[in-house]
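Scroll down for the structure; my scribbles are underneath it.
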Amino acid sequence: MSALQKETMNDAQPLLQVKNLEAFYGPVMALRGVSIDVFEGKVVAILGANGAGKTTLMKTISGALAPRKGSITLAGEAIQGREPDALVRQGIAHVPEGREVFPFLTVEENLAMGAYIRRDKAGIRQDMEMVYDYFPILLERRNQPAGTLSGGQQQMLAIGRGLMSRPSLMLLDEPSLGLSPLLVQEIFAIVRRLNKEQGVTLLLVEQNAQVALNTADHGYVLETGRIVMDGSAEELLASDDIREFYLGQSAGDDRPEKRWKRKKTWR
Amino acid sequence: MDILQLLVSGIANGCIYGLLALGFVLIYKASEAVNFAQGDMMMLGAFLGVTFINTSYADLPFLVGITLAALILGLFGYLLDRFVLRAIFGQPQFAMVILTIALGFLIRFVAGVIWGHDPTSLETPFIGLVWTVGELIIPVVDAVIIITTVALTAILYFFFARTRLGVAMQASSQNQMAAYYMGIPVKRINAIVWALSGVVAAIAGVMFAAKGAVEPSVGLLFGIKAFAAAVIGGLGSLPGALLGGLLVGIVEPFAGRYLPSGVGQIAPYVLMLLVLILRPGGLFAQISQKKV
Amino acid sequence: SDNKEEESAAAESVRGVSDTEIKLGGMHDLSGVFAAFSSPAVQVANDMFAEVNAEGGIHGRKIRYIVEDHAYQVPKATQATNKLISRDEIFAMVMSLGTPHNLAAFPLMDRNNVPSILPLALSRQMEEEGDFSHRFVFGPSYHEGVLKGVNWMTDEYGIEKICVMYIPSDFGEEVNQAITDAAAGQETLTLAESTSHRPDESDFTGTLARLKDAGCQLVAVALPVRPIISVVATAKEMGWDDVKFVLSQAGFHSAVAAAPGGVTEGLYGVSPWQDIVSRMKDVPEAKQWADEYQTQYGSVPSGGAVLGRVGAMVTIEALREAGPDLTTDSFLAAMESLDFSDPVTGVDIKMSATNHRAGNDMILSKVTDGVWEPVVTLED
Amino acid sequence: MSLLQVKDLSISFGGVKAVDGVSFTVEPGEVFTLVGPNGAGKSTIFNLISRLYEPSAGQIVFDGQDITGLPAHKVAGLGIARTFQNIELFDHSSVLQNLLIGRHCRRNTRWFEELLFLPKVRRSERQHRLLVEEVIDFLDLAAYRDKLIAGLPYGVRKVVEIARALSSEPKLILLDEPASGLSVEETQNMAWWIEDMQKDLGLTVLMVEHDMSLVSRVSNRVLAVSEGRPLAMGTAAEVQADPKVIEAYLGTEATS
Amino acid sequence: MSNRFKSRYDDDINLFEGRWHLAQYAILMALLVAAPWLLGTYYLGELTAVLVWSLAGLGLMLISGHTGQVSLGHAAFMAIGAFTNLALMLRGWHFLPALLASAVTSGVIGAIISRPILRMSGIYLAIATLALSIIIEDVAIIAEPITGGVAGVFAPPIALFGMEIDRYATPEAFYYLCLAVLVLVTLGYLNLLRSASGRSFLAVRDSEVSARALGVNVARAKTLSFSLSCAITGLAGALYAHLAQAVNYESFLVLISITLLLQVVIGGLGSVHGAFFGAIVVVLLPQLIAIARDFFDNAAGIKIAAYPGMDTALFALLILLMVIYEPRGLYGVWFKVRTWLQLFPLYRKGMFRRTRTYLKTERQR
Ligand SMILES: Nc1ncnc2c1ncn2[C@@H]1O[C@H](COP(=O)(O)OP(=O)(O)OP(=O)(O)O)[C@@H](O)[C@H]1O
Ligand SMILES: Nc1ncnc2c1ncn2[C@@H]1O[C@H](COP(=O)(O)OP(=O)(O)OP(=O)(O)O)[C@@H](O)[C@H]1O
Ligand SMILES: CC(C)C[C@H](N)C(=O)O
Ligand SMILES: [Mg+2]
Ligand SMILES: [Mg+2]
């Protein structure tokens, strides 16, 4: 990305802007002043080790958690503290970590719930066909209670369900969790297609940093509740720290030494 | 006395249990909460019916009275959820159990203050009317109760199975957070369901008062029996509630007739235990093993 | 001042009595199945005590009536008794409701020398258990009342098969016993069926079918107030009309008579006094009181209200009689010397060292046009 | 002799044949991996081995003993421990408590002895704790010892679950997607741990995993299944080269 | 205090975390032992009631709080304990063996019914046990030779160590008796919780599949927990019979079962403290209400007693507010206070603000 492009981007108003966000679980502080910008039509990836607060950030944006401090604006409107259902109506779809399907509803009912806020019957049908097209196994199992699907099938369902609301901003929390390599490729192909063809903006949390950064335009690195690094996907892919800690491409595989190495944390 | 006769009154009796059980099931289906004050809400409904319909009070036509009672109790259910139950949204199930138990006590108290503790009956247009079919005597009240219950069950059943809102209610009960992520206004849906169960409780109450007499304490134990009926049916199932209600209702008169006295009255509970021992999730269970 | 101290010390020594106050206690069912009796009784009594207090109390002492709710549960009743006696240190227990509840309270009351004044429970044990000198009751026991009523009815209507429905409490058991004794006492009479019921039972179709098949001609009913109405209404609904029902004193309540649709028409009941609604037609005092009651509480005075009135009157009279030097002994002596009539309820109270019953009559009434109308005064 | 023999195992749910005549053997000391598309029946095979499901046909022999008819709770005692794909920890207990529960199958005290907390019980508690501490050291969990599970991040929970399985001193450990949700770095750690389990602890590992880099790195043998049936079997490289596996499971880019 | 350094595994195994912790409980114990000198007879009686209900609460806590199987029928086991004790004493048994028999009988009956009953879970189990409680009411009427039928039985005085113990005649002695039983049971309870059986209970509560996979015989663990729970509750029933002096079927109405559950939930499900906190609330709150009511009646001249059931209603209202304020029970409050003290002065405002929480279905096990 050229410097010029970057300039014009900064002029524009981001679709989603998070400023100085702080969030707590009881007395535990999980976000310590996080700020990110997500511009319309972009794919933004968030990287970070376990427990960094990625899921917490996603939940706070989509309203499942109320932030203690800070602001979240969506298309210029302050949305922090609102309930998730209101945000869905404003175009946010959140595919949560760990699938969270409705276990006693059938696959088809789950998908229908994804389109809960929509009224256009024909459009809903069409999108359902689209999801079935992406994940043929779901079509085959459309009358099976979602709770009895295999882990990966549930993940497909969760993603498909997220698509059903026709979001303008989609939050994907570890979409590739438990998917076969083939499907991981497919998921990211779908992400790219959504982004290119339907102009959906995506905020992505993903452990598979390689794939994530290949798909994303921009990336943030979150560590213990703080953003410690950000840059375009290319920049991050080129960064040594990222290469070592998120891509696993450090020189050599000298194990005994690594075994006892302390995890790198930025503070 | 005729077995058929016992059956008729058992069915009518069971329908009232069924109606009340519907209220339990509604709330359970939409939030997996159990409303231990359901019986007391029914009692409120009965008193409201009495207030609107009886000559010594408002003296309104029967249908107007029942509608008013249903509306008021519906509103009550809505406000209850909005201002009391919402405070513990997302909290463990047994917080709700305790909350509704406490609510029941409060409702009984308030009813006692308003209507006193004397038993009161409803003056229905069909009081004392019976149809005679051969040997069989069918009180008109019973017929009305049976028709109302079956119709209400059918309507609610289709509402849950077929409508978007109905499915959304089930979704909210299965995973509140995911339901939220789908744009389902979970809290509002809870309020709606409480309102709905208020309406059902009012109808049950009016039917109850039409058949016998009410006083503030009837709700508690009648509620427990209806709860047993709902559980026999398998808490999540509306037709199950009706079936459970009928079973309890039918078992009672037959036990009263044929079992030694002092034993017959526990028959509904023994029946429930037997059903649960054979099918730990009730007749139409919706319990499954977790897929790991 | 020395003198005064001595005086107050003497007053102090009587539990529940100070220079300015007399503490009385009562445990009641204010929220259970017999609340229909307790709550009007408590209301009326409180009103009457308030009236006395407004006039300066009795010998300068105001009455404080401390009421605890046991919701017709024995454990709560014992707890309440303990509270009233040990914490509030009441002088006497007044109008506590419920046979088993009173029986459970007696040991503690006797241990602390607390008299029992006209409990809302008329079982034989109310007079028999414990210290008789400390026990005063409203009138003849359930056993006596029901037995007399049934004997009269069997004679009058030529009844041969008698049945009983009761709740399994000391109260119900006593009525059951009365019916058994009635059947045993008459050659021509047999006890055809007896059934016991939970207080919360609501459907009696099965039981009534059974009683009908057993050929019952007269059924004594010892159930809480609401089920009584259900029983009679169900019998009507089933088309079983060649049967008579009779209630004990504990069913003698105007709500039973006034049940809508006339479902309780033709029901019999025994009681120590005439029903106030029936009485007010002829007696102006009764009418006046009933009207006042009606304006204040929005309903006619029921059996509970009448009991409350008589209980409070007896208590007040006895406290007056006992004089300023109130001790348990002086109070008991005063109780035993009571002799007065209440024009409102028509009750003549005359107690003595051997008669601890406030009323000695027994009336059989029948519901006619929604009112308990006396049929006959039962003699021995 | 093979440690685990699975013969002709089958189960179906309603119309779906989730596992359809699968046979394989796991030799002592090896890392044996199941791969296959989502819904192929891998977790179901695990559930059959740990006796949570009743097979409709087939036999499972562990350590020379036919365990096909055994109740589920007896399996751990024989030396089979497992983790779950969706993490099934005891959420309201601490990490330490979780690991101690892992030692349940090795308990040697009776409840009435515990009621009195006889010296014997204390000794046994110390013993359990000692072994659990070894596991904590092994998996580097010391920092989380007294934390409640409910507040732990996903990745740590995965490790705790493995630790809990190890606490039971198993011979065979079943790992259902041990690396899913882990970062690259953590996946590396996982690989070392699995190697250590195999080499240092002498464990046999049966694993389900989608991360092919991990699979290639640690597995001795790989079995690919699809739609409940075996697809290919061999070393990781062999299986990854199999065209059927590539088509059904790996896709084109995955060989990297 | 919070960062106490642990140097031996025994630090985790021991009941008390170090001297200060031990000292706290020693002080509490000393206060309890001194109570007869500190309180009047009436309040000593109420304190005795707190002990008895704590014991019953402990029983329910074991199965419901620690094993996750909610019972709405524990009054049934109080009944079994009470009637067993009195029936045996009236047949000439000494108190102690009769007390033991109460525990054993309740426990054995619990064990027998636990197998079919504990196949259920959640609200199904709750309602099944509720039915049990209702059935026991009638059994208590029918089993006249044991239970005295409708009239019930009166508790004979207890002869123990050459002393006559009676709730009214010798309230201190009865108080100490209850205290001793409670302390012993609590110790046993804590012992169980810190060893394998207790952990298997927790495992069953949190995840049955995992527990099974780890070698916990789930059915057996439930049965053990249920029988022990019943045995403890049976003990409480026996003491209760002597506290109330007389029991009949009404002493163990289903409402008592409900109150017991209310007690442990208000106290805090899943904590031993919770059983005690809950008992304090359930026994003393009505007392406080009565005191407040009498005060208003007297001082302000407001006739609260004119509204029948006001006491119960106020009690219910306070319970309701308590649940709304702290759905996790008083133990939750206690926990916050403790954390606050430990963090002092680092306490931050809003630290305990409730985070949004969401429920998931419990129909999947
Ligand atoms: N319910 C909870 N209660 C207390 N603390 C929590 C809770 N959930 C998360 N945390 C803490 O908040 C921090 C951030 O957790 P979060 O789940 O957001 O991490 P993450 O980056 O998504 O990790 P992962 O990659 O494992 O999913 C962690 O330290 C975690 O321990
Ligand atoms: N209880 C059940 N009822 C119906 N179908 C089931 C049930 N359990 C599993 N299945 C089906 O069996 C098949 C195998 O499921 P399994 O969980 O074993 O897959 P898996 O290989 O572990 O997949 P993944 O990699 O996605 O975890 C799936 O198609 C699933 O839908
Ligand atoms: C007057 C009645 C209400 C008393 C009650 N039936 C009893 O004796 O128990
Ligand atoms: Mg996460
Ligand atoms: Mg799987």
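Fair warning: this is a prediction, and the values are worked out from it, not measured in the lab. In what follows, chains carry the letters A, B, and so on, assigned in the order in which the sequence lines appear, proteins first and then strands, with residues in each chain numbered from 1.
Looking at D:A81, there are no atoms closer than 4.5 Å to chain E (heavy atoms on both sides), in backbone or side chain. The part of D:L116 that comes within reach of chain E is its backbone (N, CA, C, O), which places non-hydrogen atoms under 4.5 angstrom from that chain. For E:L190, no part lies near chain D; criterion is any non-hydrogen pair under 4.5 Å. In this structure, the portion of D:V121 lying under 4.5 Å from any heavy atom of chain E is its side chain and not its backbone. Residue D:S168 does not touch chain E at all, counting heavy-atom pairs closer than 4.5 Å.
With hydrogens and angles left out, the side-chain atoms of E:R212 and D:S50 include no donor and acceptor closer than 3.5 Å. One side chain, E:S197 or D:R107, offers a donor N or O that lies under 3.5 Å from an acceptor on the other.
E:A196 approaches D:E114 most closely through the heavy-atom pair CB-OE2, 3.4 Å. Here the closest non-hydrogen pair linking E:A213 and D:A76 is O-CB, 3.4 Å. The minimum heavy-atom distance between D:D91 and E:D206, with the atom names listed, is N-OD2, 3.3 Å. The nearest pair of heavy atoms linking D:L89 to E:S207 is O-CB, 4.2 Å. The two residues D:C105 and E:G215 come nearest to each other via the heavy atoms CB-CA, 4.4 Å.
Residue with the most contacts toward chain D among E:L187, E:V218, E:L228: E:L228 (heavy-atom pairs, distance under 4.5 Å). Note: D:R164 leads D:R164, D:R106, D:H128 in heavy-atom pairs under 4.5 Å with chain E. Between chain E and the options D:R82, D:H73, D:H92, the largest number of non-hydrogen pairs under 4.5 Å is found for D:H73. Note: D:R129 leads D:R129, D:R103, D:E161 in heavy-atom pairs under 4.5 Å with chain E. Top candidate by heavy-atom pairs under 4.5 Å with chain E, chosen from D:A165, D:A72, D:P71, is D:A72. Heavy-atom pairs under 4.5 Å with chain E were tallied for D:L100, D:T109, D:V75; the largest tally goes to D:L100.
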Decide yes or no on side chain to side chain contact (heavy atoms under 4.5 Å, CB included) for D:R122 and E:N14, but give the supporting numbers first. CA-CA 9 Å; D:R122 182 177 288 275; E:N14 286 340; 2.9 Å; yes

Kindly determine whether E:N191 and D:L115 satisfy side chain to side chain contact (heavy atoms under 4.5 Å, CB included), including the steps that lead there. CA-CA 5 Å; E:N191 283 342; D:L115 202 63; 5.6 Å; no

Does the salt bridge (Lys or Arg N to Asp or Glu O under 4.0 Å) test come out yes or no for E:R199 and D:E125, once each step is laid out? CA-CA 12 Å; E:R199 285 193 296 265; D:E125 282 300 306; 3.1 Å; yes

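Put simply, CZ on D:F112 and CG on E:L192 are 12.0 Å apart, with the number rounded to the nearest 0.5 Å. Taking CD1 of E:I13 as the reference point, atom OG of D:S124 lies at 8.5 Å (rounded to 0.5 Å). Between the CG atom of E:D10 and the CZ atom of D:R126 there is a distance of 4.0 Å, given to the nearest 0.5 Å. With values rounded to the nearest 0.5 angstrom, D:F117 atom CZ is found 5.5 Å from E:S195 atom OG.
Counting non-hydrogen atoms of other residues, nucleotides and ligands closer than 6.0 Å to CZ of D:R110 gives a total of 12 or fewer. By the neighbour-count criterion of 12 heavy atoms within 6.0 Å, atom OH of E:Y358 is densely surrounded, having more than that number from other residues, nucleotides or ligands. Residue D:K17 qualifies as open at atom NZ: its count of foreign heavy atoms under 6.0 Å is 12 or below.
For the pair E:R205 and D:F90, the cation-pi test (distance below 6.0 Å, angle within 45°) is failed.
Under the 4.5 Å side-chain criterion, counting only non-hydrogen atoms from C-beta, D:I101 is in contact with E:L214.
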